[in-house]
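Reviewing the structure listed below.
In what follows, chains carry the letters A, B, and so on, assigned in the order in which the sequence lines appear, proteins first and then strands, with residues in each chain numbered from 1.
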There are 2 protein chains.
Amino acid sequence: MGDVKREVARAINLMSDNDLRVTPEREAVLEVLAENIGAHPSAEDIYLATMERHPGIGLATVYRTLDALERVGIVSKLELGASGSRYELNTDVGGHFHHHLICIGCGRITEFNQDLLEHLEKEIEDSTGFQITDHSLRFYGYCAKCREAAKGGETSRS
Amino acid sequence: MGDVKREVARAINLMSDNDLRVTPEREAVLEVLAENIGAHPSAEDIYLATMERHPGIGLATVYRTLDALERVGIVSKLELGASGSRYELNTDVGGHFHHHLICIGCGRITEFNQDLLEHLEKEIEDSTGFQITDHSLRFYGYCAKCREAAKGGETSRS
DNA sequence: GTCTATATGAGAATGAATATCACTTTCGAT
DNA sequence: ATCGAAAGTGATATTCATTCTCATATAGAC
Ligand SMILES: [Zn+2]
Ligand SMILES: [Zn+2]
Ligand SMILES: [Zn+2]
Ligand SMILES: [Zn+2]
C-alpha cells in the first residue's frame with residue numbers, strides 16, 4: 001500500500017514549498033488521503049475518516065484543505081457532477097498519468113495507465129492555438145463484478 | 001449552421017421512436033438546441049432562449065426535457081462541476097465523436113474531432129473486463145483569444 | 001515571545017438540480 | 001372524434017454538495 005508516512009512527509013514538504021501552513025487538521029487529512037490511495041473517497045468520506053483521527057474537525061476545513069492541496073498539485077479532484085467530487089493524493093510514482101474507469105452500476109472507480117495523450121496534445125496546440133494545461137479522460141460502463149452480477153441475475157431467472 | 005428544421009424533425013422522430021411524447025415545450029427546446037449547435041448552452045441559457053419562443057415554460061420543464069432527451073441519445077450533457085452542465089444536440093453528422101477544449105480563462109468550449117479512442121476501448125475491455133458504454137475526453141487550458149489577451153496585457157505593461 | 005497573515009469551526013447561505021402536487025395534455029384505442 | 005390512462009407541465013418547495021461569514025485560534029517569520 002505504499003508508505004503512508006513517506007507520502008505524508010512528501011506532501012508536507014510540498015506544502016511548505018508552496019507557502020501553505022501545516023496544521024494538525026491538514027496533516028490528519030493528508031494521512032487519510034495517503035491511507036486511501038486508489039479508493040477515490042468523497043469529501044464526506046474524508047471528513048468522516050479524519051474525524052476519527054482529529055475529532056472536531058469541520059467539514060468546511062476538509063473542503064478548504066482539499067482545495068488548497070489541489071491548487072498546488074498535491075491532490076487531484078475528480079468532478080463527478082451530481083454525485084459530488086472525489087479526491088486522491090498525487091503519489092510520487094505514477095500519480096498524475098492515469099485515467100479512470102467509472103462504473104455506472106456500482107459507482108466504483110478504477111484506474112488505468114496510458115500516456116498516448118501527450119502527442120495528441122501537441123497536435124491540438126499546433127492546429128488550434130489552444131494551450132493545454134490539463135486533461136481528463138474517463139470511460140463509463142460496467143465493471144467486471146457488475147457484469148457478472150447482471151449475468152447471474154439473468155440466467156437464474158430464465 | 002446546418003438545417004435547423006431538419007434537425008428538429010429528426011429529433012422528433014427519435015422521440016416518437018423512444019416513446020417520448022412530443023409537446024410544444026419540447027419542440028421549443030429542440031429548436032433552441034438546433035439553433036445553438038456548437039454553443040454548448042447551459043440549462044439556464046436554454047431556458048431563457050426557449051422563453052422567447054414559448055413564454056411561460058418552466059425551468060423545471062427545461063431540465064426534464066433535457067434529461068429525457070439525453071436518456072435516448074438525442075442530446076449530450078457535458079457536466080462541468082460547480083459551474084453547471086452544458087447541453088448539445090447530437091447532430092446526425094459527427095454528433096457523438098468529438099471532444100472538448102475547455103478554456104479556463106473565458107469558459108468558451110470548442111471542439112475537436114478524433115477517433116483514436118475506439119481501439120483503446122477494446123484494449124481496456126480485454127485487459128480489465130470493464131465494459132465501456134461511453135467516454136469523456138476533455139482538455140483544459142487557454143484558448144487562442146485568451147492567450148492573445150494575456151500576451152497583450154503583459155507587453156503593454158513592460 | 002510578538003505579530004500578522006492565515007486557518008479553523010459552526011452554521012448560514014448559495015445554487016444547480018430534483019421532487020412534489022394539482023392540473024393539463026398527448027396519443028393509442030375505441 | 002372522443003375517451004382515458006399515462007405522461008408532461010408550472011410553480012414552488014426541497015435537496016445536497018459546496019462555499020461563505022465571522023469571531024476566534026494558531027502557524028510561522030522575526
Ligand atoms: Zn460496478
Ligand atoms: Zn485515480
Ligand atoms: Zn478563452
Ligand atoms: Zn460539443
Side-chain angles (χ1 to χ4, degrees), chain A residues 8 11-30 32 40-72 74-87 107 109, chain B residues 11-30 32 40-72 74-87 107:
Chain A
V8 172
I12 288 176
N13 282 338
L14 287 172
M15 287 180 69
S16 298
D17 292 350
N18 287 279
D19 298 311
L20 287 183
R21 289 187 181 170
V22 179
T23 68
E25 292 84 1
R26 291 176 172 185
E27 289 189 86
V29 168
L30 280 173
V32 167
H40 302 92
S42 67
E44 186 79 19
D45 293 336
I46 295 165
Y47 168 63
L48 293 174
T50 306
M51 270 294 215
E52 294 173 12
R53 187 178 300 280
H54 187 100
I57 191 173
L59 178 55
T61 296
V62 172
Y63 274 105
R64 282 183 294 228
T65 297
L66 292 170
D67 187 55
L69 294 176
E70 196 212 355
R71 280 200 305 269
V72 300
I74 295 174
V75 311
S76 289
K77 180 181 183 180
L78 188 52
E79 299 192 338
L80 295 186
S83 61
S85 296
R86 308 301 193 81
Y87 299 85
I109 299 173
Chain B
I12 288 177
N13 282 337
L14 287 171
M15 288 179 70
S16 299
D17 293 349
N18 286 279
D19 298 312
L20 286 182
R21 292 187 179 169
V22 180
T23 69
E25 292 83 2
R26 289 176 173 185
E27 289 188 87
V29 168
L30 279 174
V32 167
H40 302 93
S42 67
E44 186 77 19
D45 293 336
I46 295 165
Y47 169 63
L48 293 175
T50 305
M51 269 293 215
E52 295 174 10
R53 187 177 301 279
H54 187 101
I57 191 172
L59 178 57
T61 295
V62 172
Y63 273 107
R64 283 182 294 226
T65 296
L66 292 170
D67 188 54
L69 294 176
E70 195 211 355
R71 280 200 305 270
V72 300
I74 295 174
V75 311
S76 289
K77 180 181 182 180
L78 188 53
E79 298 191 339
L80 295 187
S83 60
S85 296
R86 309 300 193 82
Y87 300 85

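For the side chain to side chain contact (heavy atoms under 4.5 Å, CB included) with B:I46, the qualifying choice from B:T65, B:L66, B:I57 is B:L66, the only one to do so.
Using a 4.0 Å cut-off, some side-chain N or O of B:T23 falls inside it from OP1 or OP2 of D:dT9.
Taking only distance into account, the side chain of A:R21 meets the base of C:dA5 through a donor-acceptor pair shorter than 3.5 Å.
DNA chain D is contacted by both B:A82 and B:P24; B:P24 maps to the nucleotide lying nearer its 5′ end (nearest heavy atom per residue). Nearest-nucleotide mapping onto DNA chain C: of B:V22 and A:H54, the residue sitting toward the 5' end is A:H54.
A donor-acceptor contact under 3.5 angstrom links the side chains of B:T61 and B:R64, judged on distance only. Remark: the A:S16 side chain and the A:N13 side chain contain no N/O donor-acceptor pair separated by less than 3.5 Å.
The side chain of A:L20 sits closest to C:dA7 out of D:dG28, C:dA7, D:dG10. When each of C:dC27, C:dT18, D:dG10 is scored by its nearest atom to the side-chain atoms of B:Y63, the top-ranked nucleotide is C:dT18. When the nucleotides D:dC20, C:dA7, D:dT12 are ranked by their closest atom to the side chain of A:R26, C:dA7 comes out on top.
For the pair B:R71 CZ and D:dG8 C1', the computed distance is 12 Å after rounding to whole Å. Atom pair B:E25:CD and D:dA11:P shows a separation of 11 Å (rounding to whole Å applied). A straight line from CZ of A:R64 to P of C:dT6 spans 15 Å, rounded to a whole angstrom. The nearest whole Å value for the distance from the OH atom in B:Y87 to the C1' atom in C:dA16 is 9 Å. Whole-Å rounding puts the A:D19 CG to C:dT6 C1' distance at 11 Å. Across the protein-nucleic acid pair, B:M51 atom CE and D:dA11 atom P stand 8 Å apart, rounded to whole Å. Rounded to whole Å, atom P of C:dT8 lies 14 Å from atom OH of A:Y47. One can place CG of B:L66 at 12 Å from C1' of C:dA17, the figure rounded to the nearest angstrom.
Minimum interatomic distance between B:S85 and B:K77 (heavy atoms only, all atoms of both residues): OG-CE, 3.5 Å. Smallest separation of non-hydrogen atoms from B:R26 and B:A68: NH2-CB, 4.3 Å.
Backbone-only contact: B:S85 has heavy atoms under 4.0 Å from sugar-phosphate atoms and none from a base. The residue B:L59 sits apart from the nucleic acid: no heavy atom pair falls under 4.0 Å.
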